[in-house]
S.K.: 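What follows is a structure written as structure tokens; I'll ask about it next.
All heavy atoms count here, side chains included; hydrogens, waters and symmetry mates do not.
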Amino acid sequence: QVQLVESGGGWQQPGESLRLSCEASGRAFYSYATAWFRQAPGKEREFVAGISWNGGKIYYADSVKGRFTISRDNAKNTGYLQMNSLKPEDTAVYYCYADLGPLEQTMRGNSGYWGQGTQVTVSS
């Protein structure tokens with residue numbers, strides 16, 4: 001299995017940027033498709049962005065398309081989520097997720113491994 005630890009969350013003003021990191025340990029990180037999900041207070045966890053094991057496929061939720069960029073560095077066992085033009089509605093706990101299945105399976109978030117989450121707060 002793989003262990004995931006997120007970092008990089010915090011408070012930021014609307015329009016600014018944050019970069020989240022997801023450091024993996026355990027089984028080979030390159031074996032996994034990875035994704036970012038988020039959960040806002042009182043709402044269900046939702047898919048944000050996903051990337052295949054080699055970066056060849058990437059998907060974004062419509063709400064973040066054009067503002068967020070997912071990437072990964074398999075040599076460093078780390079995934080990233082660059083978040084630009086932040087909005088108050090981006091406020092949530094952000095979770096890193098990894099799945100041995102294809103990216104389309106990873107986007108469902110029901111068969112892999114989760115990090116503990118990192119809080120992102122966007123407000124003025």
Side-chain angles (χ1 to χ4, degrees):
Q1 65 181 36
V2 65
Q3 293 79 43
L4 305 170
V5 178
E6 302 95 334
S7 62
W11 173 83
Q12 194 54 277
Q13 291 187 333
E16 299 298 320
S17 300
L18 280 173
R19 187 173 86 153
L20 305 183
S21 298
C22 173
E23 185 171 354
S25 60
R27 187 171 173 173
F29 179 65
Y30 61 81
S31 301
Y32 293 82
T34 61
W36 291 90
F37 290 75
R38 67 186 182 186
Q39 187 168 20
K43 295 188 177 181
E44 293 189 354
R45 191 175 297 186
E46 64 175 1
F47 169 79
V48 175
I51 186 169
S52 61
W53 69 274
N54 64 352
K57 285 186 180 180
I58 290 176
Y59 293 119
Y60 295 99
D62 287 343
S63 58
V64 306
K65 204 171 292 183
R67 300 188 299 120
F68 290 10
T69 302
I70 189 171
S71 62
R72 62 189 296 158
D73 186 339
N74 287 342
K76 295 183 178 179
N77 290 339
T78 302
Y80 304 97
L81 184 68
Q82 177 68 41
M83 305 186 296
N84 298 332
S85 302
L86 284 164
K87 303 176 180 180
E89 50 263 44
D90 294 321
T91 296
V93 177
Y94 283 72
Y95 296 90
C96 180
Y97 175 80
D99 195 312
L100 284 171
L103 180 56
E104 291 76 12
Q105 174 180 307
T106 301
M107 293 165 59
R108 294 193 288 269
N110 58 8
S111 58
Y113 302 94
W114 293 93
Q116 83 288 349
T118 185
Q119 176 70 46
V120 171
T121 303
V122 184
S123 71
S124 53

S.K.: What closest approach, in Å, do A24 and L4 show between heavy atoms, and which atom pair accounts for it?
M.R.: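 Heavy-atom minimum between the residues: CB-CD2, 3.8 Å.
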S.K.: Can you confirm whether K65 is buried at NZ, in the sense that more than 12 heavy atoms of other residues, nucleotides or ligands lie under 6.0 Å from that atom?
M.R.: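 Result for NZ/K65: enclosed.
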S.K.: Do the side chains of T34 and R72 get nearer than 4.5 Å, heavy atoms only?
M.R.: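 Counting from C-beta outward, R72 and T34 do come under 4.5 Å.
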S.K.: First locate atom CZ of R108, then atom CD of E104, and finally report the distance between them rounded to the nearest 0.5 Å.
M.R.: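 The CZ atom of R108 sits 8.5 Å away from the CD atom of E104.
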S.K.: Of all heavy-atom pairs between R38 and A92, which one has the smallest distance, and what is that distance?
M.R.: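 So the two residues come closest at CB-CB, 3.8 Å.
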S.K.: Any idea which heavy atoms bring G9 and L20 closest together, and the distance?
M.R.: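 So the two residues come closest at N-CD2, 3.6 Å.
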S.K.: Minimum heavy-atom separation for L18 to G10, with atom names?
M.R.: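 Of all heavy-atom pairs spanning L18 and G10, the closest is CD1-O, 4.0 Å.
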S.K.: CD of Q105 to CG of D99: how many Å apart, nearest 0.5 Å?
M.R.: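 The CD atom of Q105 sits 4.5 Å away from the CG atom of D99.
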S.K.: Looking only at heavy atoms, which two atoms of W53 and N74 are closest? And how far apart?
M.R.: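 Answer, listing the atom of W53 first, then N74: O-ND2, 3.0 Å.
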S.K.: Keeping to residues at least two apart or across chains, list the ring pair (Phe, Tyr, Trp, His ring centres under 6.0 Å) pairs with something in residues 65-121.
M.R.: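 Counting only pairs at least two positions apart or across chains, the ring pair (Phe, Tyr, Trp, His ring centres under 6.0 Å) contacts touching residues 65-121 are F37-Y97, F37-W114, Y97-W114.
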S.K.: For I58 and L103, work out which heavy atoms get closest and say how close.
M.R.: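 Where I58 meets L103 most closely, the heavy atoms are N-CD2, 4.1 Å.
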S.K.: Taking CD in Q12 as the centre, count heavy atoms belonging to other residues, nucleotides or ligands within less than 6.0 Å. Is the count above 12?
M.R.: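 Yes, the 6.0 Å shell around CD holds more than 12 heavy atoms from other groups.
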S.K.: Are there more than 12 heavy atoms of other residues, nucleotides or ligands under 6.0 Å from atom CD of E44?
M.R.: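 Check fails, neighbour count at 12 or below.
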